[in-house]
There are 2 protein chains.
Amino acid sequence: MIQSQEKPDRVLVRISDLTVQKADEVVWVRARVHTSRAKGKQCFLVLRQQQFNVQALAAVGDHASKQMVKFAANINKESIIDVEGVVRKVNQKIGSCTQQDVELHVQKIYVISSAEPRLPLQLDDAVRPEVEGEEDGRATVNQDTRLDNRVIDLRTSTSQAVFRFQSGICHLFRETLINKGFVEIQTPKIISAASEGGANVFTVSYFKNNAYLAQSPQLYKQMCICADFEKVFCIGPVFRAEDSNTHRHLTEFVGLDIEMAFNYHYHEVVEEIADTLVQIFKGLQERFQTEIQTVNKQFPCEPFKFLEPTLRLEYCEALAMLREAGIEMGDEEDLSTPNEKLLGRLVKEKYDTDFYILDKYPLAVRPFYTMPDPRNPKLSNSYDMFMRGEEILSGAQRIHDPQLLTERALHHGIDLEKIKAYIDSFRFGAPPHAGGGIGLERVTMLFLGLHNVRQTSMFPRDPKRLTP
Amino acid sequence: MIQSQEKPDRVLVRISDLTVQKADEVVWVRARVHTSRAKGKQCFLVLRQQQFNVQALAAVGDHASKQMVKFAANINKESIIDVEGVVRKVNQKIGSCTQQDVELHVQKIYVISSAEPRLPLQLDDAVRPEVEGEEDGRATVNQDTRLDNRVIDLRTSTSQAVFRFQSGICHLFRETLINKGFVEIQTPKIISAASEGGANVFTVSYFKNNAYLAQSPQLYKQMCICADFEKVFCIGPVFRAEDSNTHRHLTEFVGLDIEMAFNYHYHEVVEEIADTLVQIFKGLQERFQTEIQTVNKQFPCEPFKFLEPTLRLEYCEALAMLREAGIEMGDEEDLSTPNEKLLGRLVKEKYDTDFYILDKYPLAVRPFYTMPDPRNPKLSNSYDMFMRGEEILSGAQRIHDPQLLTERALHHGIDLEKIKAYIDSFRFGAPPHAGGGIGLERVTMLFLGLHNVRQTSMFPRDPKRLTP
C-alpha cells in the first residue's frame, strides 16, 4: 500500500504516450488490468488508463520467471498495477487496443491496489451499443446496475467522455460570459421561504425552525441586478421536490443561470444568451471531438446542428406549424412534451436546426413575475430555448416594478406576505432585466443525443434514488 | 416603465467613458442618482454606475426649463434615470467623483425606475472607514442593517469590489486547474446518509424519507478518483449545521474542492494545491489591483505576502515555535483558534509570509479516513493551509485500502453499516490519492484583510440569519 513512504525518482509513462517512438525503451506504467488471459507460459494483459489501453505480455523467459507469469495471471481485473516493461513494436496492429502499434513486454509487476475478484458489472458490457430489434445475445448493463455501481460504470470510455465533455460545457459557459463582462455570483441554497407559493420544495430542519432548498437562484440573481452588478451568472445545484419519474427530470440538477440588465428591449438579453449557447456548441465541436465520437460509438446520433444567428420563432408561429401538422391547441395553451418534440421535428425539417428560441409565450402559462407583452395582454416577454425538441432553458423579462409585481402576484392568488422580501427588492430603483436558467444535464444529454438525463448526472437524484 | 416596447437606436454611454476626450459631445447616460442638491435655479446631481460617478448639472437656461430643474431636484436618491447632456470640461477637478475632469450639462431627464424616498441605509455611510478609538460623529452602518438591506449594501464601491474580486478567485481557481488537466465535477448535495457519524448535519424531508445535506463533496470526489478521473475539482455549497456564531463560521459556504491521484507521495498533491493558491494570489494581485485598493480605502490592511515555493512547516516545528513563545501544548493536541493566530504572527515574523502549509498533523485530531504516517504512528499524512493565521484549507492523503479504512473507522467508533457505501467504493481498485477543501469566503476575507466572513458572502447564512 502506498502510504507516502518515499519519493522515488521513477517516472511513470502515460499509456497514450506508448507509441513506436518509444520502441525498445524500458518504461514504468501504472494502469488498471482491463483484461487478463493466461495461455501456457504466457499471460496477455490489457492495461487501461482512462480511455487508453495497451497490450502487455508476460512470458516466461530471461526477464520473467514462471512465478511472475503465474502471479500476473492471477491479478483480478480492475486492479491497479505498476509494470516495468520494454516497449516492442508489433508486426500486426492490435485492433482491440488504442495503442495498436506497440506492446509492453513485462519485466516486473506490482499490485498497487487489488480489486475484488467478482465485479458487479463488466466494462466491456457497459460500453456495448444496445442494438434495437435484434437480440445478439451479448450482455449490456441496465441502468440501475450502472448507477448502483457508479464507481465502476464511470470508468468506461463512454462515461469518461460524457463527463469530460460536461466539464467542458461549464468551462465554455463561464469563459464566454466572463469575456462578455459578467460577474460570477454564489447564491444561497438554504432559504427561509418557499418561492412561488411553495409547491415542489424540499423542507430542511434549520436548528429549531424550518427552511427550504432553493428551487432556483432567480431571486438572488435579480437582487444582484438590483444591486448594480448588471450582468451575473452562477452555476449551482437546483432542487425540485417533484415526484416525476421521467427520462428528463431529476430532483437535484445543476443550473447554469444568467441574469442581465438591459437598456430597452429584453431581446438584448435573449441574443446574449443565445450567443453564449452558440459559443458553447462551437467550443464543444472544436475541443471535444474525441469525446463526441467516443460517445457516438455506443450511442450513435446525428451531429448537432445550429444556425447563426439563432432561429427565433414566436409562439403563434409554432402554434400555426403544429396546427398545420394536425394538432389541436388553444392560443393560450402550453406545449405538452409530445408537442414540443413534434415541433422540434417540424423546425428541423423546415429550418435544419437542432437549436431554436421560442419567444412570446402566452402570459397565462408563465410565472407571476413575467413581464406582460406591452402590445398584446395575452402574451408575455418570455421565451424557452430548445435542443433536439426538448426544453433546455426557460426565461423572461422579469417585472422590475413593485406595483405591477404586486398586481400580478395577486392575480395569481399568491400570498403577498410570503413574497414580501422579493417585492421589496425592487423598491429602491431596479433596472429592467431578463434572464434564464439552463439545465446542465439536459444540454449534455441532448447535444450528445443520449436518452436519459441519468446518463449525464454523475450521481443522479430522483424520487427513487438517493445513492450512491 | 421599460416593458420592451421598442428598440431605439440610442446609445447609452458608460460613465467610466466620460472623459475630456468626449468634451462638448451630447451623450445619453443611464445611472443612479447618487446624491442630489438643489440650489436656486440649479440642481447638482452625482450620477453613479457601479464604482464610477460623475457630476451632472441641471440649470435653468436654453436647454432646461424651470420645471425640469425642479423635477430633477425631486428625484429620490438611488432612482435610475436616463439623462441627455453635454459633456463639459471643468476648470477645477471634482474631487468627490471618479470622473474629475468633466461634468454633464443636463438637457433631458427621464426616471426609469424610482426609488422610495426613505433609504434604509446611506451609501456614503456604508463605505466610511470605522475609525477605532476616536468617535468623529459620522455615521457608519452596522452589519445587521447592511445584511437586512443587502440589495442596497451591495451597491457600495466596497461591496462591488469585494464580489468582483471573489468572482475572480473562482475564475483563477478553475483556470489554473483546467490548465493542469483537472476535470470539473458536479457532486450531489442531497445525500442518503450523514457522513462522518452525523454530527452537524442538516436533515431534509425527501418524499416519505429523510435525507441530509452534504457537509463536503469529499466522498464523491474520492469516488471520481476511484473512477479514474485522476484529477478533479468542484465548486459548490457546503452545509454545516453547527451552532457557531463566530466571525468565520457560516452554515452554508462555498467550497473550492480538489482531489487528485498521486504516484508515490501525497506531497505531489500538496505541491499542486499550494501552487494553485499561489497562481490565484498572483492573478488577484495582477488583475484585481483596483478592487483591492477600493476595499483598502474602507478597510486598510497590509498587502498579502506569500513565498515561492510555499513555506511548509511540520506540526512539530509549529509546536516548538509556540512553546518557545510560552504556550503549553501536548504533542497530540489540536491548535486552538488563538494559537493558530499566534502561530500566524510567529511565522510572519520569522519567514515574512502570510501563507503557509502546516503538515503532518497528529493522527488523533484528524478524521478516520486520514492516512497514518508510515514512520510515526502518532502522526498522519495530513495538512492545513493558512492565510494571515487562519485556516483556509484542510486536507490529507485519504486511506484507499478498504481493510485499513475499516480498522480506522472501528477505532473511531463509527458504525460500519453507515459508511458501507463509502468503504465499498475502494473495493475495486483505488489509486493512492489526496485532496483538500478551501473555503471561498475565508480566502476572500483573509486576502483582503476583512474581519468577518459575512462581508464576503453575498447572502450569508448562520444560525441566526436565513434572510434575505
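Since the structure is predicted, the reported quantities are computational estimates derived from the model, not experimental observations. Naming: A, B, ... by sequence-line order, numbering from 1 per chain.
If you measure heavy-atom distances from B/Pro237 to chain A, the contacts under 4.5 Å come from the side chain alone. Of the two parts of A/Leu12, only the side chain, counted from C-beta on, holds a non-hydrogen atom closer than 4.5 Å to a non-hydrogen atom of chain B. Heavy-atom distances place both the backbone and the side chain of A/Met223 under 4.5 Å from chain B. Residue A/Asp373 touches chain B through its backbone alone, counting heavy-atom pairs closer than 4.5 Å. Contact of A/Thr156 with chain B is not made at all, since no heavy-atom distance falls under 4.5 Å. Both the backbone and the side chain of A/Gln186 have a heavy atom closer than 4.5 Å to some heavy atom of chain B. Heavy-atom distances place no part of A/Tyr212 under 4.5 Å from chain B, backbone and side chain included. Of the atoms belonging to A/Ile81, not a single heavy atom falls under 4.5 Å from chain B. With a 4.5 Å cut-off on non-hydrogen atoms, A/Ile399 does not touch chain B at all. Looking at A/Gln397, the atoms closer than 4.5 Å to chain B (heavy atoms on both sides) all sit in the side chain, from C-beta outward. For a residue to count as touching a neighbouring chain, one of its non-hydrogen atoms must lie under 4.5 Å from one of that chain's; by this rule A/Pro372 touches chain B with backbone and side chain alike. With a threshold of 4.5 angstrom between heavy atoms, A/Val183 approaches chain B through its backbone and through its side chain. The contact between A/Ile2 and chain B is made by backbone and side chain atoms together, counting heavy-atom distances below 4.5 Å. Neither the backbone nor the side chain of A/Glu441 comes within less than 4.5 Å of any heavy atom of chain B. Only the side chain of A/Asn381 comes within contact range of chain B, with at least one heavy atom under 4.5 Å from a heavy atom of that chain.
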Problem set entry | Steps toward side-chain contact (heavy atoms from CB on, under 4.5 Å) verdict (A/Tyr264, B/Lys7) | CA-CA 6 Å; A/Tyr264 301 109; B/Lys7 302 181 177 180; 5.8 Å; no
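When each of B/Arg32, B/Gln50, B/Gln49 is tested with A/Asp228 by the rule side-chain hydrogen bond (donor to acceptor under 3.5 Å, both in side chains), just one qualifies, namely B/Arg32.
Taking 4.0 Å as the cut-off between side-chain N and carboxylate O, A/Glu230 and B/Arg14 count as a salt-bridged pair. Using a cutoff of 4.0 Å between basic side-chain nitrogens and carboxylate oxygens, A/Arg48 and A/Glu78 are scored as salt-bridged.
With sequence neighbours excluded, the residues forming a ring pair (Phe, Tyr, Trp, His ring centres under 6.0 Å) with A/Tyr206 are B/Phe202, listed by chain and number.
Of the N and O atoms on the side chains of A/His433 and A/Gln222, at least one donor lies less than 3.5 Å from an acceptor on the other residue.
Contact count against chain B (heavy-atom pairs under 4.5 Å) is highest for A/His265 among A/His265, A/Glu184, A/Lys189. Residue with the most contacts toward chain A among B/Ile190, B/Leu404, B/Asp243: B/Ile190 (heavy-atom pairs, distance under 4.5 Å).
For residues 457-468 of chain A, the set of pairs meeting the side chain to side chain donor-acceptor pair (under 3.5 Å) definition, not counting sequence neighbours, comprises A/Asp144-A/Arg465, A/Asp148-A/Arg465, A/Arg454-A/Asp462, A/Arg461-B/Tyr220.
Between A/Leu213 and B/Leu213 there is a side-chain heavy-atom pair separated by less than 4.5 Å.
Both tests do not hold together for A/Arg174 against B/Phe173: distance to the six-membered ring centre under 6.0 Å, angle to the ring axis within 45°.
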